[in-house]
Every structure is written in C-alpha cells, then in structure tokens.
There are 2 protein chains.
Amino acid sequence: MEKDVLTKFPRPSVTVDTVIFTLKNKDLKVLLIKRSLEPFKDKWAIPGGFVRVDESLEEAAKRELEEETGVKGVYLEQLYSFGDVKRDPRGRVITVAYFALANSDSIILKPSTDAYEAEWFSISKLPPLAFDHKTIMEYALKRLRWKFEYTTVAFSLLPKKFTLGSLQEMYEIVFARKFDKRNFRKKILSLDILEEGEIMKDVPHRPPQLFSLKKEVGIGKIVEIVKL
Amino acid sequence: MEKDVLTKFPRPSVTVDTVIFTLKNKDLKVLLIKRSLEPFKDKWAIPGGFVRVDESLEEAAKRELEEETGVKGVYLEQLYSFGDVKRDPRGRVITVAYFALANSDSIILKPSTDAYEAEWFSISKLPPLAFDHKTIMEYALKRLRWKFEYTTVAFSLLPKKFTLGSLQEMYEIVFARKFDKRNFRKKILSLDILEEGEIMKDVPHRPPQLFSLKKEVGIGKIVEIVKL
DNA sequence: ACAAAAGTGTTGAGAGTACACCCATGC
DNA sequence: GCATGGGTGTACTCTCAACACTTTTGT
C-alpha cells in the first residue's frame, strides 16, 4: 500500500545538466558537447545525463562532471530545476541544473569520440543551444556574477597562489569592465581573507607578491567582495 | 530509438513541496499538514504532492497551493531541489521545493478532513517534521530573510495599502530584531518605490499616511531594502 | 488627561570613488 | 633603456547608525 502512491503517477525522467565555467586565454568559457543523436543532433548542449536511482542529485552531477572533464573537487552548486512539459521532445524530462567552476589547468578534457565532441566556448560567442539550454545558460551566468560579487567562489578559478593582478583581471573578465587598481586592492585586502606567500620570481617586471585564500575562509563564503 | 533512452533508466518520482509563509498575530507562520498515512503517520509535513506529466513544476506548485489554501496569485518561487537517495523510505523521490508568501487575509484554509489536518505554526515553535522537511524549512527561512533584505517581496505579505509602521513591524518580526524608526523610514522612502495614498481614519492615535508599492516596481525587484 | 502610534533632523564615522606616479625586473 | 606589470595615498561624497521629542487622534 505505501508504495502504491509512487506507482500511481506516471514518473518523469530526471537529468542533471552542469554548466562548467573556466577561465582560459583571458576569457570566460563554458564547456559544451555536441549531440550525436536526435533530437537536436549536431547541436551544442550543456553536458549532463540521467540521474541513477542509487545516487543523489549532487552525486550525479559530480559523476557526469568527472566523466566529461576528468576533474574532481571543483566548486559545484545547484542552480535551478527546469521542468516545462515540452522542454524535451522525447517526453517528460525534468532537469536539475548545476553550475561548476573549474581551474582550467586542472582539467583534462576527454578526447572527442564518435559519441561526442566537447569544446570550450567563450560566453560571448555561444552557438545555438539544444533544448532550453539557452535559458539555463543565462541563469547560470547571472548566478556566476552574483556569486563573484558576494562570495569567495572566484578563488576556485585561480591556482592556490595568485597575484592581486590576476584576481583583478578575472573580475574584469567576468564583469566585462575595468576596476580601479588601487581601490580594488584596498577593498580585497581590507576583507582580511588573504594571506601573503612568497614573492614571484623570474617575471619580466617588478616581482609581485603572491597571496592565497586563508584556509579558514573557504570557497563560497559570503563576504561582499566587490561593491560596484 | 529516441525514446529508448528515457525508458532505459529507472525513473524517480518527483514531487513539489511548498513552504507557505504568512504573517498572523504578529508572528511569522508556516502552513503544515498532518500526515494520515505511513510513513511518518501523524507527523507534520510541508504541503506538497506529485508532479503530473502534463504540468510544469511551477504549475504543480500552484495547483497544490490552491488546493491547500484556496489562494491564487501569491508570490511563489522555486527554492531548491532535494534528491538524497534515502530521503523518502518508500522509494526514490526527488522533491522540488518552492516557497510562497501569502497575505493571511486572503487565505481560506480548507477545513480539515479525515485525509488531513492543516495548521499554521509559528516558525519559532515548529513541531518535528517528516522526511527531510526540517532541512527544507531551514533553507526556506534563509531564503526568506535574504529576499526581505534585498528585494521587494515583503510587500506581498501586506495589503495593497499599508503604513510604514506595519512595514517596519513586519521586518522586525522576520529578522527578530528592532530597527530605528527614523532610519527605517528614511531608508524606505529614499528607495523611491512607494507612493502616498490617503490618510487612515478612525484610529485611536495620530492618523498615519497610507502607502502602496509603485506599480512599476513590482514584487521581487532587487533593491537592497534593508542594509543591516 | 492620557494612551497609542505617527512623525520628524542632525551629527559623526566609515566606505566608496576618483585620480597619477614611481618601482623592480628581464631582455 | 625600455617594456611590463606591481605597488602606493589622499580628498571628496555618500550612506549608515545613533539618538529624543512633538503631534494627532479616540476614549
């Protein structure tokens, strides 16, 4: 009797789709895969797949992410669930979207196979996307900017040790605007979330101070990084 | 062939659960229903139900909400999706949680039936909850406070015309602290989101100015209402 | 007259913004 | 010596926070 209620209703399929951001060549990029099957054959899509019965939503997202990028331990958070009746022409499919931030140095993309091609796209030059993935992408970008403004997630896109210059450059890429160098540095340092490391060597200019995020701060902490 | 992929994986059940907040007797309340069936028989739970194949997630949440409270047109937004493997002992059930804000004057609770009882609980005196509903509730409360701080959603809990006093009282209830009257009024008025209405009559004290939210502002707009 | 809530201004502290030049290194 | 990013301070403005008394009405 208890289980009856679960079988009484037709069940939708559930997928997870993960928008994976990285920073490459001074540009903000997302990973897309080219579909090799109908529907939307040869269109680009956000990587994802079906949730298995023995894994949680987050586990599913992590598994798919690792399958696609060979990377573990990236920053991952749930974005939103999309469940319009007709979002997938094959039938009723609800997707739980995630967004991830990966340091591009640590990513080893699986080589493209017959089954699919994967490629990094600049967010300013996205191709047409399958399903409702354009909506998901817009949602992810909004969330990314918000997270950059109010939390420490940005540091997950940088190596452990970084310069204030590279941090500022990253913010300028994500917000597509310049910040005043003195004000930016003053603001970041006043947050008391960084600790000094060594001085970088062998650079063709004045050697910069390296910083790292204080261990006790952690990724994702809310701190109002940038007040525009 | 296209449909094969949907049947290849066992499909989970999908529900929507909606945390419905209201303001009653100077207290922040949520609507809970008492379960009449196992599992968790006689425990209190967040109202919800299964998503039908022919309705979107939001439509499902609206339908359930109307069934429970007889109210349409309340503020409703998606909260988060919870999908731990063992969150429901009956089997794999993923729930998409919503949160809603309803003006208590406009709510007509369905009378309790054999099937279930519904009751408003003060958020400071919640009973033990079924499933993972405690987690969902905590999540909803966090989101509520955030939304009050940064957006205009609060106005959906008030009648169309309200006094600054009642607005401040509501904020004090939600944040469980006092605000300075002069600073609060100054801040709200400086946002330029209100318009003046009549003067309230027949009150046993100085008659207050009534205000309403400017039509062009709308519920949910981001404005940094309160900077604590 | 008194109870009850409405209404009203000023000041000091801290944060945000605008702005320009010198520094240390590799080549 | 020159190209390249790194590093630094001040003055103005604006917002936030603290704080107490008078007004208008109904009873």
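A quick note: this is a predicted structure, and the numbers were derived from the prediction, not measured. Here is the naming used below: chain letters follow the sequence lines, and residue numbers restart at 1 for every chain.
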Expressed in angstrom and rounded to an integer, what is the separation of A:Lys178 atom NZ from C:dT17 atom C1'? 18 Å
Atom pair distance, as rounded to whole Å: CD1 in A:Ile225 and P in C:dG16: 12 Å
Side-chain touch A:Phe155/A:Leu194, heavy atoms, less than 4.5 angstrom: yes
Between B:Ser166 and A:Lys186, name the one whose nearest nucleotide on DNA chain C is closer to the 5' end. B:Ser166
Starting from P on C:dA24, measure out to CD on A:Gln209 and report it in whole angstrom. 14 Å
Identify the residue among A:Asp17, A:Asp132, A:Asp84 that makes a side-chain hydrogen bond (donor to acceptor under 3.5 Å, both in side chains) with A:Thr95. A:Asp17
Residue A:His205, side-chain atoms from C-beta onward, closest of C:dA6, C:dT25, D:dG26: C:dT25
From C:dT8, D:dG6, D:dC19, pick the nucleotide closest to the side chain of A:Pro208? D:dG6
What's the closest nucleotide to the A:Arg185 side chain, out of D:dG6, D:dC19, C:dT8? D:dG6
Taking the six-membered ring of B:Tyr139 as reference, does the NZ or CZ atom of B:Arg143 fall below 6.0 Å from its centre and within a 45° cone about the axis? no
OP1 or OP2 of C:dG16 less than 4.0 angstrom from a side-chain nitrogen or oxygen of A:Lys187, does that happen here? yes
Between A:Trp146 and A:Thr151, is there a side-chain heavy-atom distance shorter than 4.5 Å? yes
Presence of donor-acceptor pair under 3.5 Å, side chain of A:Lys181 and base of C:dT17: no
Measure from CZ on B:Arg182 to P on C:dT11 and round the result to the nearest Å. 13 Å
Presence of salt bridge, B:Glu138 and B:Lys134, under 4.0 angstrom: yes
Would you kindly give the CG-to-P distance between B:Asp192 and D:dT15, to the nearest whole Å? 13 Å
Whichever of B:Gly165 and A:Arg206 has its nearest DNA chain C nucleotide further upstream toward 5': B:Gly165
Provide, to the nearest angstrom, the distance between the CD1 atom belonging to A:Ile199 and the P atom belonging to D:dG5. 18 Å
Mark yes or no for a side-chain to base donor-acceptor pair under 3.5 Å between A:Lys201 and C:dT25, with no hydrogen or angle criteria applied. no
Could you tell me the separation between the CZ atom of A:Phe211 and the P atom of D:dG6, rounded to a whole number of Å? 11 Å
From CZ of A:Arg177 over to P of C:dA18, roughly how many Å is that when rounded to an integer? 8 Å
